[in-house]
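For reference, the structure is listed below as structure tokens.
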Amino acid sequence: AWLDPGSAMEALRAAGRAVLRSPRLARHGLGLRRRRKPPESWADMQEPLLEGMCFTLKYLGMTLVEKPKGEDMAAAAIRRIVATARVGARKFQKVILTVSPRGISLQDADTKEMVENISIYRISYCTTDKLQNKVFAYVAQSQESGALECHAFLSPKKKIAQAVTLTVAQAFQMALDLWEATHAGR
């Protein structure tokens, strides 16, 4: 769910501290392997977010949805995905989900093969489920069919799922800021 601007900054700072403390998160840009000291606060994370913030998650699956956003719609979609995932006795695909102002990219964690690249402009909603609090999900319009798809991912911890959601929210804000800056002169 989206946060109002007043409480969003404190939530972003808290999630940023959780992200920076998490040893499981891959802290690298898209193909850039340079090492540097992590930022002191979430507000200082604009530069790393421009390169892409990476999270290692397990892909649970996808389901079609009728509405582009809404807490009830997302909760129902996540329930369907989790129920389907529990029935199948398959191993979940481990992916590296990279969030940037350009969008979300998914890369297979084992083969490093690009799975999907979703433009920020095609994403209509993202959330951490209230009941399945380790599940992060986003809704995006399919580039091929135009259908609305809800994709769900399992994170190792609740705080990581929240951090992914807040990072996507910050990426939306940065994409808007960049768009406004480029169109301000017109």
Side-chain angles (χ1 to χ4, degrees), residues 1-26 42 49 52-100 103-109 115-142 147-173 175:
W2 301 113
L3 302 171
D4 64 62
S7 64
M9 190 48 92
E10 183 51 41
L12 287 172
R13 282 189 189 104
R17 288 189 295 271
V19 167
L20 294 175
R21 284 192 306 266
S22 174
R24 291 183 171 222
L25 292 179
W42 188 258
L49 183 57
M53 293 291 293
C54 300
F55 302 89
T56 302
L57 306 170
K58 291 182 181 174
Y59 183 65
L60 295 176
M62 181 274 293
T63 189
L64 296 177
V65 293
E66 293 184 17
K67 293 190 255 176
K69 57 180 111 182
E71 199 172 317
D72 293 338
M73 171 278 305
I78 290 168
R79 273 195 310 273
R80 286 195 308 270
I81 292 169
V82 169
T84 303
R86 283 186 177 149
V87 170
R90 63 179 174 83
K91 188 177 176 185
F92 298 119
Q93 181 182 18
K94 199 176 213 181
V95 296
I96 299 170
L97 185 141
T98 304
V99 180
S100 76
I104 294 176
S105 68
L106 299 172
Q107 183 181 29
D108 187 287
V115 176
E116 193 168 10
N117 204 357
I118 305 98
S119 168
I120 196 87
Y121 303 109
R122 292 192 166 277
I123 301 168
S124 60
Y125 190 75
C126 72
T127 187
T128 302
D129 192 56
K130 287 182 179 175
L131 296 175
Q132 306 283 336
N133 59 17
K134 291 182 181 179
V135 175
F136 160 76
Y138 69 83
V139 175
Q141 185 180 29
S142 168
L148 292 171
E149 302 173 341
C150 179
H151 296 265
F153 303 84
L154 180 64
S155 69
K157 295 180 180 179
K158 172 182 159 183
K159 284 186 177 188
I160 293 174
Q162 292 171 338
V164 178
T165 303
L166 293 169
T167 303
V168 173
Q170 187 185 31
F172 272 114
Q173 186 59 52

Taking all non-hydrogen atoms of both residues, which atom of [X] and which atom of [Y] are closest, and how far apart?
{"X": "Pro156", "Y": "Thr56", "value": "CD-O, 4.0 Å"}
{"X": "Ala74", "Y": "Tyr125", "value": "CB-CE2, 3.6 Å"}
{"X": "Leu148", "Y": "Glu66", "value": "CD1-O, 3.8 Å"}
{"X": "Lys58", "Y": "Phe92", "value": "CB-CB, 3.9 Å"}

Set of side chain to side chain donor-acceptor pair (under 3.5 Å) partners for [X], sequence neighbours left out:
{"X": "Gln173", "result": "Asp177"}
{"X": "Lys67", "result": "none"}
{"X": "Glu149", "result": "His151"}

[atom1]-[atom2] distance between [X] and [Y], expressed to the nearest 0.5 angstrom:
{"X": "Thr84", "Y": "Arg86", "atom1": "OG1", "atom2": "CZ", "answer": "11.0 Å"}
{"X": "Glu116", "Y": "Leu97", "atom1": "CD", "atom2": "CG", "answer": "10.5 Å"}
{"X": "Arg79", "Y": "Gln132", "atom1": "CZ", "atom2": "CD", "answer": "9.5 Å"}
{"X": "Ile160", "Y": "Phe136", "atom1": "CD1", "atom2": "CZ", "answer": "13.0 Å"}
{"X": "Lys94", "Y": "Leu57", "atom1": "NZ", "atom2": "CG", "answer": "10.0 Å"}
{"X": "Phe153", "Y": "Tyr138", "atom1": "CZ", "atom2": "OH", "answer": "4.5 Å"}

Sequence-distant partners of [X], side-chain contact (heavy atoms from CB on, under 4.5 Å), two or more places apart:
{"X": "Asp108", "value": "Gln93, Asp110, Thr111, Val115"}
{"X": "Ile120", "value": "Ala171, Phe172, Ala175"}
{"X": "Ala152", "value": "Leu60, Ile81, Val135, Ala137"}
{"X": "Ala83", "value": "none"}

| Thr128 side-chain N/O to Ala161 backbone N/O, donor-acceptor pair under 3.5 Å |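 Indeed, once roles are kept as given, a pair shorter than 3.5 Å links the two residues.
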| request: Indicate yes or no for a side-chain donor-acceptor contact from Ser119 to the backbone of Gly103 under 3.5 Å, with no hydrogens or angles considered. | output: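 No, because the side chain of Ser119 does not come within donor-acceptor range (under 3.5 Å) of the backbone of Gly103.
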| said: The test is side chain to side chain contact (heavy atoms under 4.5 Å, CB included); show your working for Met73 and Thr127 and say whether it passes. | reply: CA-CA 11 Å; Met73 171 278 305; Thr127 187; over 6 Å; no
| query | Do Ile78 and Lys130 come within less than 4.5 Å of each other through their side chains, counting heavy atoms only? | reply |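 SC-SC contact between Ile78 and Lys130 ruled out.
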